[in-house]
Every structure is written in structure tokens, then in C-alpha cells.
Amino acid sequence: MTNAEFPQVRIVPIRMLKPATAERLLNMLAGTAGIRRMMIHGPGLPKTVPYGPARGSPNPHSDRKAIRVADAEIALRVQVGTVILEVEDASVIEEIRSLCDDFFVEFPYLLQEGKFMKTSPTLVDYAKYGPDADTSLVGLTDPRNRESPVILRTEQ
Amino acid sequence: MAYKPQYGPGTSVVAENRRKQMNPGQKLEKVRSVTDEDIVLILGHRAPGSAYPTAHPPLAEQQEPNCPMRKLVKPTDGAKAGDRVRYIQFADSMFNAPSQPYQRTYTEMYRFRGIDPGTLSGRQIVECRERDLEKYAKDLIETEMFDPALVGIRGATVHGHSLRLAEDGMMFDMLQRNVLGEDGIVKYVKNQIGEPLDRAVAVGKPMDEKWLKAHTTIFHSLVGTAYRDDTEYIEYIQRIHSLRTKYGFMPKEE
């Protein structure tokens, strides 16, 4: 959940990222000190066709695959549209900005500052995680989904 | 003097393209060629080469009531044969796609017969007799109303028209029906409802940015022609808006 002490930023590339580019971007961010939490956001790529006459049949999609970030494997379930970050302090934002300026050369991007993560647990969070949920993990994953957040251990 | 439709207002290239698509007297430029079998595969309503399933016996075998309207209106080929009613649906990106839902409906109403279009914000469906549908679909795909990257043939799960494009310039498709190959050619690997095809159907190379900007029918202030730059269009819309608003008060034009 959002802690007012820590600033948040959102990286919005003007094009939605392919898994390979997302992997490079996330690895670059994972190597940066001072990022507390990170969230990948974008339109979903379901495993089966969700509706229509072909509902329930498998949905092969080349962008739904596992990427490797630092020491962890992340199974992408979305096409990466934005990356939301919570950082330790404002100096980290400037570092991220300079890294992203070098990273996005083929198309532009926006770095927006604001509040992008949940500020309090919702009813669904309460039903799923109970009253004693770890607030630092609430809002990082879809509570309706069984997946838990991935913890990255970087050598720092 | 005979009435000549104007099709639409505006002085911009977008307005000109809209009029061009709507005007049945203007031949649309053929940009790519797709075989009849390919169309049948993408539509997914029947197996290629199979007979058209029918909804009723051919009109020639039926006892038609003595009706002046039926004498006046000639049935289309599909109606004559008693074909089923089937559909094609398009999703058009807002990033300079060559046609748009409302535009498609206007165009089809001017150009085709025996159709029932349905217009929504991000997608447009047209229903008609199967035989006619295949003919119309071919026109819609082969001419300048289609772009392999920015227009999707999507029967269901159409989300994507308002999203940012992917890195390779393709419009987002949750079901990835069309894929941009290494050779730069877009191929349909699933039919319009998302069932995998036995073989990929090539629909040509995506058009370049310059072509799209010159052939689009949507205003977009960031990537194309801004609406506010077309003063004639603005004036027209403001007039309609004002008259609609005043309608309840019995407006009289000065």
C-alpha cells in the first residue's frame, strides 16, 4: 500500500513493450538502488479465450511468457504498458529518469510522479488476506488471482 | 436540379477521405490482394470449398406473395439463394487507422446492399447473407479501408482500438489473431473469433506512417490531423449541436 513517505513514479512508454524489452527495462531497474516496490501494468493476455463463440479454448500468445529479472523468473500475464515504482526518495527518481532517457531511444516515454498504488486495502483484499495482511504486499497483485508478488534479491 | 449528396463537411485531408470512402461513385484504391479462400478462412463461418448452408429454400423455388415491393427490390445473390446471415467485425485503432466504426457504417450503407451494420465505439459489425458477406469482406480488406497493423478482423474480444500500439506497430489484440512476421508481412493465424487456422493467411505489409496519415478518416491531434484545424467541420458540428439543443424550443433560423 501507499506510504506517504515514499514517492511513486510511473514509466509510461509511448509503445507497449515486448517481453524482451520489458526484461531489459526491468533488469535495468532491478540494478538500481532505492526502489522499494515495482508493479507491471497493462492489458491482460488470458490463457484461454475469455468470451465469444471460442470461449474456453486455448489462447496461444507470443507475448505471454516468462522473463528473468535479477534472480527471479516472472511469468508475464499482461502486455507491459506501464511500470509503477515506489522509491526511497526523490534522488532515486532522477536516477531512474537518466537511465530511462538512455533506454528509450526508439520511441519516447513519460515519467510521471504521483500516487499509483493502493492507499488502503479493499474489501476483496480483506476477504483474501484477512485483517493482519502485510500492507507492503497489498495492491501489488490482483487479489482474485492466486499469484503472489515476486521478491527480487539484488547484489547490493 | 438533381440532388447531389455532399457526404460530409470539412476541408482537411481526413474529411476528404471520409467523403471519398462514402461516395459510391469513387473507386477505392486496391492496395493488396487476398484470395476468396483466405477470406473464408478468416471469417470462419464455413469450411473453404463447402456449400453455403441455407436458412430457407432459394427464392425461385418458393411461392412468393404478390407484393409490389418484392417486384421493385431485386434480391441480392445471397438472398436469392437463401443463405444464412453471417457477420464480419472490424476493430480500428485510433492511431490513424484508415477507417473508423461510424465511417464504416456510412460507407457500407452507401456502397453495399442487403446489410445490417452495428456501430460501436471501437468496433463495427456488419451482417448480411453469407455469399454477399464474402464479396463485401473482400472489398473491405483489399482496398484502402484496411491496414494489416491498425485494423483487426475480430469477431469477439475486440479490446485494443484505444490502446497504445505495440513496439512493432501492431494494435493490441488479446487473442493475437494477426502476427507481424520476420518478413514484415502480417499473417492471420486465427480466425475472427480466435480459433487457430490450419494455415496462416497473409494480408500484406502494414502501410507506412505517411500513407496512413494521408488516408486516415480519424482526427488525432498527436499523430495525425487535429480536429480543431478543420474549421469548416467545427462550424458544422457546432451548428448541429446548437440546433439539437434548441430543438425543444422550436428553433427558427435567422
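Just so it is clear, the values below take in all heavy atoms, side chains as well, and ignore hydrogens, waters and symmetry mates. Order of the sequence lines sets the chain letters (A, B, ...), proteins ahead of strands, with each chain counted from 1.
- With chain B as partner, the option from P43(A), G42(A), G44(A) having the largest number of non-hydrogen pairs under 4.5 angstrom is P43(A).
- The stretch residues 107-114 of chain A places F107(A) near chain B, each with some heavy atom under 4.5 Å from a heavy atom of that chain.
- Counting heavy-atom neighbours within 6.0 Å of E209(B) CD, excluding the residue itself, gives a total of 12 or less.
- Under a cut-off of 6.0 angstrom, the local environment of CG in D208(B) is crowded, with over 12 non-hydrogen atoms contributed by other residues, nucleotides or ligands.
- Listed by sequence position, V49(A), P50(A), Y51(A), G52(A), P53(A), A54(A), N59(A), P60(A), H61(A), S62(A) are the residues of residues 47-69 of chain A in contact with chain B, using a 4.5 angstrom heavy-atom cutoff.
- Heavy-atom neighbours of K205(B) NZ from other residues, nucleotides or ligands within 6.0 Å: at or below the threshold of 12.
- With values rounded to the nearest 0.5 angstrom, E167(B) atom CD is found 3.0 Å from T21(A) atom OG1.
- Proximity to chain A involves both the backbone and the side chain of D168(B), based on heavy atoms less than 4.5 angstrom apart.
- Within a 6.0 Å radius of CD in E106(A), other residues, nucleotides and ligands contribute 12 heavy atoms or fewer.
- Counted within 6.0 Å of NE2 on H41(A), heavy atoms from surrounding residues, nucleotides or ligands total 12 or fewer; the atom is thus considered open.
- In Y106(B), the OH atom is not crowded: 12 or fewer heavy atoms of neighbouring residues, nucleotides or ligands sit closer than 6.0 Å.
- Contacts from residues 11-18 of chain A to chain B, taken as heavy-atom pairs separated by less than 4.5 Å, involve V12(A), P13(A), I14(A), R15(A), M16(A), L17(A), K18(A) in sequence order.
- Atom OH of Y102(B) has 12 or fewer neighbouring heavy atoms from other residues, nucleotides or ligands inside a 6.0 Å radius.
- Looking at residues two or more places apart in sequence or on another chain, you find no ring-ring contact (aromatic ring centres under 6.0 Å, His included) involving Y188(B).
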